[in-house]
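Bear in mind the structure is a predicted one, so any value in this text is a computation, not a measurement. What you see below is based on every heavy atom in this structure, not just the backbone, and it leaves out hydrogens, waters and symmetry mates.
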Amino acid sequence: MSLYNPVSSVSNTVLGIGGGILGGLADGLGQAIGQATGSEFLGNIAGAVASQVTNEASRRAAAKLQDWAFDADDKLASLGVFKNGQVSDGALNIAGGLSFSDMWQNFQEIDGDNLSRRSFWIIEIDDRSGHAPVAKDGTRNTMFNLLTTNLSFNQTIINSEAVPVGSIELDKLQSSARTEMQLSVMDDEYGTIKRWIKRKALSTAQSDGTFLMPFFYLFDVRVVFGTNVALKEYYSETYTMRLADAQHELDRKDRSSLEEFQLKFVQWDTCMPSRIL
């Protein structure tokens, strides 16, 4: 619904052109905003604000406000805004060519309730060897999602080389780089995450100088964006990874903080399909 539809009624009735200007400004403006936006809540707010403004205006400059209403309608009419008693969509453009209806549409599209939040995300690990990180009692399999406090990774990296051709440069594509993940992780007293790290390390590089088959040390990492509940409609990325690094830093001086260590995962390759968790 366009914001312009109720404007003529606001100009003629609410502002009282040809009659009393302050009679029903608050209620009329609230209804107009509510109808235009489809939100009774916004209409109530607009009506309350208008009530405060009009009360003050009535004490100070009712006559000037009425003159302003006449002048405003005259200027709008001269711009061709009103057509057949209605307001023409797009005829009144502000803010670099945006009409009020355009601005309202943009506001709805960037509503904060619909945007992905930085603090809402889920990390799931599917250990292909069947040894997922579980708690001591063996009943919980979401330890990584519960204990990971920070996650940083590059979703996509496309490497290229600049090739000079005369006085210009061309972009020569080279490869699609592997994804790397940096995690800040806490752990419980039992060392659930540390035990899983040790098992993955032993499954990768043996003490006899050999490497085991990828099945034993690869795992799938799924990151779900914008939610704390892993529903299918939320955007997610899944990568086949291996453990690359685990760094611990302990400090007796800070007795109030919890232990937190850094993990690094590296994507196995950029062509292997990841399993669906």
Side-chain angles (χ1 to χ4, degrees), residues 96 105-106 108-129 131-133 142-186 193 196-197 199-201 203-205 210-249 260-277:
Q105 182 178 359
N106 290 341
Q108 290 178 309
E109 291 178 352
I110 63 171
D111 184 3
D113 292 336
N114 299 324
L115 298 180
S116 180
R117 295 185 178 271
R118 184 178 183 181
S119 59
F120 289 176
W121 50 275
I122 295 174
I123 180 173
E124 297 177 340
I125 292 186
D126 180 19
D127 195 332
R128 296 192 174 198
S129 65
H131 298 286
T142 58
M143 297 301 292
F144 260 103
N145 187 54
L146 292 174
L147 298 178
T148 301
T149 60
N150 178 268
L151 174 63
S152 175
F153 68 100
N154 51 291
Q155 179 179 347
T156 302
I157 294 181
I158 307 297
N159 293 321
S160 66
E161 176 186 1
V163 179
V165 179
S167 61
I168 65 172
E169 284 188 349
L170 298 180
D171 186 35
K172 178 184 177 182
L173 297 177
Q174 292 181 326
S175 64
S176 174
R178 296 175 301 164
T179 292
E180 296 184 359
M181 286 188 177
Q182 305 284 345
L183 296 83
S184 297
V185 184
M186 298 185 297
I193 304 298
W196 180 83
I197 293 172
R199 186 163 54 247
K200 289 288 104 178
S203 300
T204 305
T210 60
F211 298 98
L212 290 182
M213 296 177 60
F215 169 79
F216 293 99
Y217 58 82
L218 293 184
F219 49 90
D220 291 302
V221 179
R222 181 186 181 209
V223 180
V224 187
F225 295 80
T227 180
N228 287 325
V229 181
L231 301 178
K232 292 182 179 180
E233 56 264 30
Y234 290 96
Y235 181 78
S236 65
E237 287 282 347
T238 305
Y239 302 94
T240 300
M241 312 290 282
R242 67 168 176 85
L243 177 67
D245 184 34
Q247 180 179 355
H248 299 271
E249 183 176 349
E260 192 175 49
F261 54 92
Q262 307 299 316
L263 292 181
K264 180 180 179 181
F265 297 158
V266 176
Q267 189 177 12
W268 174 244
D269 58 34
T270 58
C271 63
M272 177 183 291
S274 300
R275 301 198 306 183
I276 299 178
L277 299 177

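- Going from atom CE of Met181 over to atom CD of Gln155 covers 10.0 Å, rounded to the nearest 0.5 Å.
- Closest approach of Ala246 to Ile197, counting heavy atoms only: CB-CG2, 3.9 Å.
- Between the side chains of Asp171 and Ser160, at least one donor N or O lies within less than 3.5 Å of an accepting N or O.
- Atoms NZ and CE, on Lys264 and Met241 in that order, are 10.0 Å from each other to the nearest 0.5 Å.
- To the nearest 0.5 Å, the span separating CZ on Arg242 from CZ on Arg178 amounts to 6.0 Å.
- A centroid separation of 6.0 Å or more is found between the aromatic rings of Tyr217 and Phe211.
- Counting non-hydrogen atoms of other residues, nucleotides and ligands closer than 6.0 Å to CD of Glu161 gives a total above 12.
- Within the 4.5 Å cutoff, no side-chain heavy atoms of Ile157 are placed close to those of Glu180.
- Across Trp268, Tyr239, Trp196, a single residue satisfies ring-ring contact (aromatic ring centres under 6.0 Å, His included) together with Phe219, and that is Trp196.
- Distance check, rounded to the nearest 0.5 Å: CG of Asn150 to CG of Leu263 gives 11.5 Å.
- Side chain of Ser175 to main chain of Asn159: no donor-acceptor pair is present (N/O by atom type, distance under 3.5 Å, no hydrogens or angles).
- In this structure, Val221 and Phe153 have side chains that are not in contact, with every pair of non-hydrogen atoms separated by 4.5 Å or more.
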Quiz item: Which is it for Thr204 and Leu243 under the side chain to side chain contact (heavy atoms under 4.5 Å, CB included) test, yes or no, and what are the steps along the way?
Solution: CA-CA 9 Å; Thr204 305; Leu243 177 67; 5.7 Å; no

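- Arg222 is not listed as a side-chain neighbour of Asp126, based on a closest heavy-atom distance of 4.5 Å or more.
- Looking at Thr179, its side chain does come within 3.5 Å of a backbone N or O of Asn154 through a donor-acceptor pair.
- Contact between Tyr234 and Val229 at its shortest, heavy atoms only, is CD1-O, 4.0 Å.
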### Task
Would you sort out whether Ile123 and Leu183 count as a side chain to side chain contact (heavy atoms under 4.5 Å, CB included), showing the intermediate values?
CA-CA 10 Å; Ile123 180 173; Leu183 296 83; 3.6 Å; yes

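- Each of Val224, Thr227, Thr148, Asn228 was compared with Trp121 under the side-chain contact (heavy atoms from CB on, under 4.5 Å) criterion, and only Thr148 meets it.
- Of the N and O atoms on the side chains of Gln267 and Thr240, not one donor lies less than 3.5 Å from an acceptor on the other residue.
- Residue Leu231 holds its CG atom at 11.5 Å from OG of Ser236, rounded to the nearest 0.5 Å.
- One finds the CG atom of Asn145 at 9.5 Å from the CD1 atom of Ile125 (value rounded to the nearest 0.5 Å).
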